[in-house]
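Heads up: the structure comes next, in structure tokens.
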Amino acid sequence: MTIKIYNTFTRKKEVFEPLSSGYVRMYVCGITAYDRCHIGHARSAVVFDAVLRYLRYRGFEVNFIRNFTDIDDKIINRSIEEGISSEALADREIRHFSQDMDALGVFCATKEPRATEHIQEIIELIEILITKGHAYTSGGDVYFSVRSFSGYGTLSRRNIAEMRAGARIAVGEEKQDPMDFALWKAAKPGEPKWDSPWGPGRPGWHIECSAMSMKYLGPTLDIHGGGLDLIFPHHENERAQSEAATGKTFVRFWMHNGFVTILSEKMSKSLGNFITIREILEKHHPEVLRLFLLSKHYRSPLDYSPDILMETTCALDRCYTALSEAIHLAERSIKKQRLLTYEAKESIETLDHLKNRFEYAMDDDFNTAQAIGHLFDGVRALNRLGQEAEKRPSVLYAEPLKFGVQTIQDTFRVLGLLNQEPDAYLRNRNLEALGLLGMTEADVLKVIKDRTRAREEKDWATADRIRDALEAKGIILKDGPDGTFWTIKPLT
RNA sequence: GGCGGCGUAGCCAAGUGGCUAAGGCGACGGUCUGCAAAACCGUUAUUCCCCGGUUCAAGUCCGGGCGCCGCCUCCA
């Protein structure tokens, strides 16, 4: 069994083998720390988190680096607006990022380097490029000479001659070629600056990733990931700089995730339609967002709407409900030794095959959408097994039920899902939703008590009136042999 | 204009040329229930935007339309 990955460079799925057997060098472009992360950042983070988890699950040791861009035009501009230092701004937004990632259950990288902590490495790399004739100084700036690197444009499949014709040169830039890009920018008065052989200034955006990836992973990466929009110019430029400097292949597998749209429109600051991770997590469980982000193949566009998260909540609840009920059924003390039914055996077979199917889907370019489909088959099988156990109790059901719960949890957890203890998840979700309604559990339990009395007196009209009144608020009652339980409909 | 992608049921969404086109949400019918809910069972795409072609066989490959979208400037 081998993993296949779609490589942006060749535009094909290729069999994945790391350069060093069993050891994967992986680098993903992190954020520019100047604002809160939105759902697009969440997608990239969660997708590559799933890639990381799956590679580890398959037995690879993964050295995973995700950087922070903590010096940049946007950071400088925003820090001036806010009247704080660019350093303070970047620190704050990196902290926010880490909070969001923790909430989403995204693993930390092996190392999360910051650009400003690697100025020395960046300068050394630029010097190599100058020495080799791939870069030149101009005033206090240093530019990469695009025409000195013959493969420029191969990754993004762009025609350089045509782009050159349409390119603009900003005022004050002294480039030999319009396509050349800055490796080092001379500091304007008042800007943050670092000393360099070319005078005080700061690194260009692209060079930091080359310098940091080389420092921590060496000249050749197995996987380099990021959003689709980074292909050009960012990754094209990274590739040019890195290969010009080392003469070696920079990246073996380029992976790019698709965009998130909002109500079918591109998310952008100018349209004002972006939604932050924090805003979503105020109303939804983090695993709901994760399940949503992984429910479509990572390379396809993904459309966000409030409704879709409500649907996803229903789907996730279904999983936790199934686990919870199976656990309780498995814990019952039954002495009968009745044989398992045909339906039960069929369900056990489905659960037996779950891991294989999951791996088959994930091996195919991390097809999480298909994998999740299989996982829901597992949930159905578990429910069915529980149904049989309830109808024809037998001690022989306990082990298969436990096995089913274990299998589903083990499998979903590779995607970072179903990490919660099922009863705790369901209870917390209900209590939180109740809080949003301005009610407490005591309020609901009192009403349920009243209704139980009515039911005992067979006063169905009153019982139904109480149930309907709660339902109007989104509280659903379930009458069972052990009493009445309440649950809450997912809210948008 | 250049480059790339997409168009599968009411909605979301998989689908390696070949058994009955996954899965989720929703809807409807049944089992269960005082009635409900949950769960389970069943139904919900004779067909994959349209037209040609290749093939014994196409949602899947090729050509041509139509429609939608992204990138080409900072952007996950």
Side-chain angles (χ1 to χ4, degrees), chain A residues 4 8 11 13 28-32 34-35 37-48 72-74 77 153 156-159 162-163 165-168 170 205 225-234 256-261 264-269 274 291-292 295-297 299-303 305 307-308 310-319 321-322 325 343 347 357 360-361 364 367-380 382-388 390-391 455 458-461 463-464 467-468 471 476-481 484-487 489-490:
Chain A
K4 280 191 258 170
T8 307
R11 312 275 158 130
K13 279 185 205 170
V28 174
C29 288
I31 56 158
T32 296
Y34 79 105
D35 203 354
C37 288
H38 54 64
I39 187 170
H41 296 107
R43 185 180 195 192
S44 187
V46 166
V47 160
F48 286 104
D72 151 275
D73 287 346
K74 287 193 293 292
N77 293 337
S156 56
R157 307 218 166 172
R158 272 156 218 266
N159 182 322
E162 282 177 18
M163 292 184 68
R168 317 190 283 250
W205 173 34
L228 207 59
D229 51 329
L230 295 181
I231 296 173
F232 189 88
H234 187 53
H256 293 95
N257 66 275
F259 272 109
V260 178
T261 55
S264 305
E265 270 188 325
K266 188 195 151 135
M267 189 166 43
S268 77
K269 303 255 159 170
F274 65 96
L291 180 58
F292 166 65
S295 67
K296 196 164 178 188
H297 187 90
R299 282 188 279 117
S300 305
L302 176 66
D303 192 45
S305 68
D307 288 350
I308 197 95
M310 195 163 74
E311 282 178 18
T312 307
T313 303
C314 290
L316 186 65
D317 284 358
R318 187 171 132 82
C319 298
T321 302
E325 293 191 356
E343 284 76 11
S347 301
R357 293 207 172 120
Y360 188 80
D364 185 12
N367 193 339
T368 54
Q370 190 174 55
I372 287 168
H374 296 323
L375 296 170
F376 276 99
D377 284 336
V379 168
R380 161 166 288 126
L382 187 65
N383 277 329
R384 222 173 136 185
L385 194 60
Q387 181 98 344
E388 295 302 306
E390 216 161 12
K391 278 200 303 208
R455 290 182 73 222
K458 299 209 188 299
D459 179 0
W460 308 126
D464 290 353
R467 187 173 63 199
D468 292 347
E471 193 175 341
I476 311 290
L477 297 187
K478 302 181 195 182
D479 299 324
T484 299
F485 297 93
W486 62 275
T487 182
K489 265 196 287 196

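Values below: every heavy atom of this structure, side chains too, minus hydrogens, waters and symmetry copies. Throughout, a chain's letter reflects where its sequence line sits, starting with A, and its residues are numbered from 1. Treat the numbers as computed from the prediction; the structure is a model and nothing was measured.
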>> Roughly how many Å apart are B:C32 and B:C41, using the C1' atom of each and rounding to a whole number?
In response: 12 Å
>> Suppose you measure atom C1' in B:U73 against the same atom in B:G2; what distance do you get, rounded to whole Å?
In response: 16 Å
> Can you check whether A:N367 has a side-chain N or O nearer than 4.0 Å to OP1 or OP2 of B:A14?
Replying inline: no
>> If I pick the P atom on B:A14 and the same atom on B:C35, what distance separates them, to the nearest angstrom?
In response: 42 Å
> Under 4.0 angstrom, heavy atoms only, what part of the nucleic acid is A:L230 near: base, sugar-phosphate, or nothing?
Replying inline: sugar-phosphate
> On RNA chain B, nearest-nucleotide positions of A:T261 versus A:G30: which is more 5'?
Replying inline: A:T261
> Excluding sequence neighbours, so at least two apart, what forms side-chain hydrogen bond (donor to acceptor under 3.5 Å, both in side chains) with A:R158?
Replying inline: A:S156
>> Over all strands shown, is A:V28 touching base, sugar-phosphate only, or nothing at heavy-atom distances under 4.0 angstrom?
In response: nothing
> To the nearest Å, how far apart are A:M267 CE and B:A76 C1'?
Replying inline: 8 Å
>> Is the positively charged end of A:K74 above the ring of A:Y34, judged by distance under 6.0 angstrom from the centroid and angle within 45° of the axis?
In response: yes
> Can you tell me how far C1' in B:C72 sits from the matching atom in B:A58, rounded to whole Å?
Replying inline: 35 Å
>> Set out, in order, the CA-CA distance, both residues' side-chain angles and the distance that settles salt bridge (charged side-chain N to carboxylate O under 4.0 Å, His left out) for A:D303 and A:K296, then state yes or no.
In response: CA-CA 10 Å; A:D303 192 45; A:K296 196 164 178 188; over 6 Å; no
>> Let's go through A:T484 and A:D479 carefully: what are the C-alpha distance in whole Å and the side-chain angles of both, what is the deciding distance for side-chain hydrogen bond (donor to acceptor under 3.5 Å, both in side chains) to 0.1 Å, and is it a yes or a no?
In response: CA-CA 4 Å; A:T484 299; A:D479 299 324; 2.8 Å; yes
> Which base sits across from B:C11 as a Watson-Crick or G-U pair, both distances under 3.5 Å?
Replying inline: B:G24
> By side-chain hydrogen bond (donor to acceptor under 3.5 Å, both in side chains), which residues pair with A:N77, not counting sequence neighbours?
Replying inline: none
> How long is the line joining CZ of A:F232 and C1' of B:G2, in whole Å?
Replying inline: 12 Å
>> Tell me which nucleotide, if any, is Watson-Crick or G-U wobble paired with B:G29 when both distances must be under 3.5 Å.
In response: B:C41
> Residues in ring pair (Phe, Tyr, Trp, His ring centres under 6.0 Å) with A:H256, at least two apart?
Replying inline: A:H235
> Does B:G17 have a Watson-Crick or wobble partner in any strand here, with both distances under 3.5 angstrom, and which is it?
Replying inline: none
> With the sugar-phosphate defined as primed atoms, P, OP1 and OP2, and the base as all remaining atoms, what B/S/- string results for nucleotides 30-37 of chain B, 5' to 3', for protein heavy atoms under 4.0 Å?
Replying inline: ----BBBB
> Which distance, rounded to the nearest 0.5 Å, do you find between the CG of A:L291 and the CD of A:E311?
Replying inline: 11.5 Å
> Tell me: CZ of A:F48 to C1' of B:A76, nearest whole Å?
Replying inline: 9 Å
>> Under 4.0 Å, heavy atoms only, any strand: does A:K391 hit a base, just the sugar-phosphate, or nothing?
In response: nothing
> Is there a Watson-Crick or G-U wobble partner for B:C3 with both distances under 3.5 Å, and which nucleotide is it?
Replying inline: B:G70
> Quick one: on RNA chain B, does A:H38 or A:K13 contact a more 5' nucleotide (nearest heavy atom)?
Replying inline: A:K13
>> Taking any heavy-atom pair under 4.0 Å as a contact, classify A:R43: base, sugar-phosphate, or nothing.
In response: nothing
>> What's the gap between B:A21 and B:U31 when it is taken at their P atoms, as a whole Å value?
In response: 29 Å
> Which residues satisfy the salt bridge (Lys or Arg N to Asp or Glu O under 4.0 Å) test with A:D73, sequence neighbours excluded?
Replying inline: A:K185, A:R202
> Using atom C1' of each nucleotide, how far apart are B:U16 and B:G30 to the nearest Å?
Replying inline: 38 Å
>> Checking A:R299 now: which residues fulfil side-chain hydrogen bond (donor to acceptor under 3.5 Å, both in side chains) with it, not counting sequence neighbours?
In response: A:D365
> What does B:U60 pair with, Watson-Crick or G-U, if both distances are under 3.5 Å?
Replying inline: none
>> Any base atoms under 4.0 Å from A:G40, or only sugar-phosphate, or nothing? Heavy atoms, all strands.
In response: base
>> Measuring from the side chain of A:F259 (C-beta onward, heavy atoms only), which nucleotide among B:C71, B:C40, B:A14 has the closest atom?
In response: B:C71
> When you compare B:U8 with B:G59, how far apart are their C1' atoms, in angstrom units rounded to a whole number?
Replying inline: 7 Å
> Taking any strand in view, what nucleotide pairs with B:C35 in a Watson-Crick or G-U wobble way, both distances under 3.5 Å?
Replying inline: none
> Across the strands shown, which category fits A:N257 at heavy-atom distances under 4.0 angstrom: base, sugar-phosphate, nothing?
Replying inline: base
Give me, pair by pair, the N or O atoms of the protein and of nucleotides 21-24 of chain B that are less than 3.5 Å apart, along with how far apart they are.
residue: B:G24; atom: OP1; partner: A:R318; partner atom: NH2; Å: 3.0
residue: B:G24; atom: N2; partner: A:E311; partner atom: OE1; Å: 3.4

> Can you find a side chain N or O atom of A:K74 that sits less than 4.0 Å from OP1 or OP2 on B:C74?
Replying inline: no
> Counting only Watson-Crick or G-U wobble pairs whose two distances fall under 3.5 Å, which nucleotide matches B:U46?
Replying inline: none
> So, do A:I476 and A:E471 sit near enough that their side-chain heavy atoms are less than 4.5 Å apart?
Replying inline: yes
> Taking OP1 and OP2 of B:G4, is either one under 4.0 Å from a side-chain nitrogen or oxygen of A:R11?
Replying inline: no
> What residues form a side-chain hydrogen bond (donor to acceptor under 3.5 Å, both in side chains) with A:S44, not counting sequence neighbours?
Replying inline: A:N257
> Partners of A:H41 by ring pair (Phe, Tyr, Trp, His ring centres under 6.0 Å), sequence neighbours excluded?
Replying inline: A:H38
> Over how many whole Å does the gap from A:F292 atom CZ to B:C11 atom P extend?
Replying inline: 17 Å
>> Using whole Å, what does the distance between atom C1' of nucleotide B:G15 and atom NZ of A:K4 come to?
In response: 14 Å
>> Rounding to an integer number of Å, can you tell me how far A:W486 CH2 sits from B:A38 C1'?
In response: 16 Å
>> Any strand counts, and the cut-off is 3.5 Å on both contacts for Watson-Crick or G-U wobble. Which nucleotide pairs with B:U55?
In response: none
> C1' atom, B:A45 versus B:C62: distance in rounded Å?
Replying inline: 26 Å
